[in-house]
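Before any comments, here is the structure.
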Amino acid sequence: MFTTLKLVFIAVVNTGLDLEVSFNHLLQGMGLPSSIAHLLWLPLPMLLVLTAALIGVLVTVWLERKISAAAQQRVGPEYAGALGILQPMADGLKLLVKEDIIPQKADSLLFTLGPILVLIPVILSWLIVPFGQNLLISNVGIGIFLWIALSSIQPIGLLMSGYASNNKYSLLGGLRAAAQSISYEIPLALAVLAVVMMSNSLSTVDIVNQQNTAGLFSWNIFRQPVGFLIFWICALAECERLPFDLPEAEEELVAGYQTEYAGMKFALFYLGSYINLILSSLLVSILYLGGWGFPIPIELITNSLGQSPNAPVIQILAATIGIIMTVFKTYFLVFLAILLRWTTPRVRIDQLLDLGWKFLLPIALVNLLFTAALKLAFPIAFGG
Amino acid sequence: MTISTSTELICFLILSSVIVSGALGVVLIENIVYSAFLLGGVFMSVAGLYLLLNASFVAAAQVLVYVGAVNVLILFAIMLVNKQEELKPIKGLKIRRFFSGCVCAGLLALLFRVDITTNWATPGPKAIGEIATERIGEHLFTDYLLPFELASVLLLMAMIGAIVLARRDVISIELESKDSIPQNIIKNSTDNVLLDQSSD
């Protein structure tokens, strides 16, 4: 892994505009050996992505408050900053200075470890999220499979915190979370498999590139409409968003596995769930909505304007449009998820498991079979 | 020594010490829940060793299958069957422990002997890295087709078994007590409870 972990942050296709290379040149010009320059470069993209994820969480929390207020005909936060944009900061600060309570009869070691185990896999999964051709931490060959594998660690953290709290509601919440998570992982993986089959690669960059041959019309949502719906439902269930928020159902379980948590440990759960929501939306936009692709191919625009697509200015412009498009699509999906949360009732646990095992799983299998058949019948449209 | 080799060495030492101490913990710790969580840690560290060997697909599969499925299932079983039961003291526990310890030590000695006497081909074949996924797929569908198909038949059998056990209307007697199962359980669960108040 360490030898293959190629950390490239900004480098537009086929050219020398590579931030890593220019960073190395800058430091070597100052008289540092290249190995030291490489070491100094290593943490930079990771820190940048971590910061982006945290800012994304702040924006999402603000959106959640504002949209929920609009759905319930309230005003929502309005005093903390203009339109209440500082409210998430205030929330975070409040959680930061709250007393960190560990219940006397709880298992303090597992109680502390639980929230950490929930958060780490989610943050690690950002490794494979591309914002442009080379705008990602690592283009690992197993790409999207890494995310599926990492997201299967999360239930262990939930079970751990549910067990360690020594509270019946926590235990029930933890068990529900794990049951939900493992049963929705299977249709999710099958939906991803259909996309992977069309693009002949597990790498997220290849999946996006395969969708950007003809702009809007080559996006996977038109070739995989059923897969898109399955993936979106399963992603909502994995994030424990409201139609499927049984693990923390307030009316039944107080707050599920979070019941005994306070202060920063509670904030870790909170952070984990929002980072996971943004990550899921990003992955939906990468797998089905063309990732960083603009509805009209950039090459088409540059050619009609008589510009070379390899000119540095055009490339910087294209990279900027790519980032904006990714963020725009992601936040559109986040908006949909928030609207769904505040307008739909919660399903029962038996309905949830019925939906997962008796409906989504067979549909996902049929979708996979259909994709394989279409790929053989129409190799041009479905990836030869 | 370059940065990458020293990082690799440090990672290897950390991972292997975690594996050995974690595995000892799984066996020796009295609390079964701790053992199960430690087992998850051991599986994760094994995945880390695969990563060090440049086998990222195998590492991800290890995490998905062993941590995400096997270990979660073990934890589920432990937490659902949470009986507070006083275990009876077993006769001759010390002698039993002594003999099982002897067997384990013997196995360890055997492994050490194999390790020392075998002529290991170092360095091994070059790691193929990123194209490993494709290569595994090719092998599965050509020269390893029979084991692959046999595994799928095994999984199908397990799935049908689970369905039969879950649908209790197929089995007419209770397996342990040999009583007949009331057949209206399944029918009742589909009746609408809230509207069924007109009978009285």
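Naming convention: chains lettered A, B, ... in sequence-line order (proteins, then strands); numbering from 1 in each chain.
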Could you tell me which portion of B:Y50 (side chain, backbone, both or neither) has an atom closer than 4.5 angstrom to a non-hydrogen atom of chain A?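 No part of it gets close to chain A.
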
Check each atom of B:F57 against the heavy atoms of chain A and say whether the ones under 4.5 Å are side chain, backbone, both or neither.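 Interface part for B:F57: both.
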
Tell me, do A:I142 and B:T133 make a side-chain contact under 4.5 Å, heavy atoms counted?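 A side-chain contact exists here, since the closest heavy-atom pair is under 4.5 Å.
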
A:M160 and B:V33, any side-chain heavy atoms less than 4.5 Å apart: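 When only atoms from C-beta onward are counted, A:M160 and B:V33 do not touch, as no gap falls below 4.5 Å.
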
Would the number of heavy atoms belonging to other residues, nucleotides or ligands and lying under 6.0 Å from [atom1] of [X] be above 12?
X	atom1	result
A:L376	CG	yes
B:E134	CD	no
A:Y169	OH	no
B:Y66	OH	no
B:I95	CD1	no

Identify the heavy atoms of [X] and [Y] that sit nearest to each other, and give their distance.
X	Y	answer
B:M79	A:L159	CE-O, 3.7 Å
B:L64	A:F145	CD2-CE1, 3.7 Å
B:A60	A:A149	O-CB, 3.4 Å

For side chain to side chain contact (heavy atoms under 4.5 Å, CB included), just list the numbers for B:I78 and A:Y163, CA-CA rounded to whole Å, side-chain angles, deciding distance to a tenth of an Å, and then say yes or no. CA-CA 11 Å; B:I78 290 170; A:Y163 169 80; over 6 Å; no

Contact class of [X] relative to chain B, heavy atoms under 4.5 angstrom:
X	answer
A:I182	side chain
A:A179	both
A:D107	side chain
A:L113	neither

Looking at chain B, which one of A:I148, A:L117, A:L110 has the largest number of heavy-atom pairs inside 4.5 Å, strictly under?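 Looking at each of A:I148, A:L117, A:L110 in turn, A:L110 comes out on top.
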
With respect to A:P155, which candidate in B:V72, B:V67, B:L75, B:N71 satisfies the side chain to side chain contact (heavy atoms under 4.5 Å, CB included) definition?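 One option only clears the test, and that one is B:V72.
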
